[in-house]
Amino acid sequence: NSFGIILPHGDKKEKAEQGIVVAISEGKKVDGKVFPLSVKVGDKVAFSKYGYEDINVDGEELYLIKEDNLLAIIK
């Protein structure tokens, strides 16, 4: 599994389904080729509430999400 998008963690009582992209990977790797992600740092996105992992980085709760689990880029 390759993860590529990191979002700030939402309210702990309710799982957020939207967030701002704070970091991304170089892209999705398929058969040795790297394909750029369709989102960029700063994009507001909607995502599946079951399609992420909670992680803690330097005391900050973040979501780690595969691009496949993004539902939309919110403009």
Side-chain angles (χ1 to χ4, degrees):
N1 287 337
S2 85
F3 287 88
I5 300 162
I6 301 176
L7 302 172
H9 190 281
D11 182 344
K12 291 185 182 210
K13 292 180 184 173
E14 274 191 39
K15 296 293 185 188
E17 293 179 13
Q18 294 182 8
I20 304 295
V21 177
V22 296
I24 61 173
S25 70
E26 64 183 87
K28 185 176 183 177
K29 292 181 183 179
V30 178
D31 296 328
K33 294 182 182 180
V34 177
F35 295 89
L37 301 175
S38 61
V39 296
K40 62 187 179 307
V41 172
D43 282 350
K44 184 175 183 179
V45 294
F47 55 93
S48 168
K49 68 181 182 176
Y50 302 109
Y52 61 87
E53 297 292 327
D54 289 324
I55 62 170
N56 187 307
V57 177
D58 296 328
E60 184 176 9
E61 293 288 327
L62 301 171
Y63 294 144
L64 189 59
I65 300 174
K66 286 183 174 185
E67 185 175 47
D68 294 344
N69 291 329
L70 293 180
L71 304 173
I73 299 172
I74 301 168
K75 300 287 180 183

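These figures come from a predicted structure and were not determined experimentally.
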Inset, instruction - Find out whether K28 and D68 are in side-chain contact, i.e. whether some heavy atom of one side chain is under 4.5 Å from a heavy atom of the other. - result: yes
Legend entry - Value rounded to 0.5 Å, distance of CD in E61 from CG in D54: 6.0 Å
Inset, instruction - With sequence neighbours left out, write down each residue that passes side chain to side chain donor-acceptor pair (under 3.5 Å) with D58, or none if nothing qualifies. - result: none
Legend entry - Nearest atoms (heavy-atom pairs only) where K40 meets I24: CA-CD1, 4.4 Å
Inset, instruction - Considering non-hydrogen atoms only, spot the tightest contact between N69 and G51 and give its length. - result: ND2-O, 2.9 Å
Legend entry - Approximate separation, where rounding is to 0.5 Å, of L64 CG and I55 CD1: 5.0 Å
Inset, instruction - Give the minimum heavy-atom separation between L70 and F47, together with the two atoms involved. - result: CD2-CB, 3.9 Å
Inset, instruction - Working to the nearest 0.5 Å, report the span between NZ of K49 and OH of Y63. - result: 11.0 Å
Legend entry - Hydrophobic cluster of F35, others only, ordered by chain and residue number, side-chain cut-off 4.5 Å: V30
Inset, instruction - List in chain and number order the residues that pass side chain to side chain contact (heavy atoms under 4.5 Å, CB included) with I73, two or more places apart in sequence or in another chain; answer none if no residue qualifies. - result: V39, D43, V45, K75
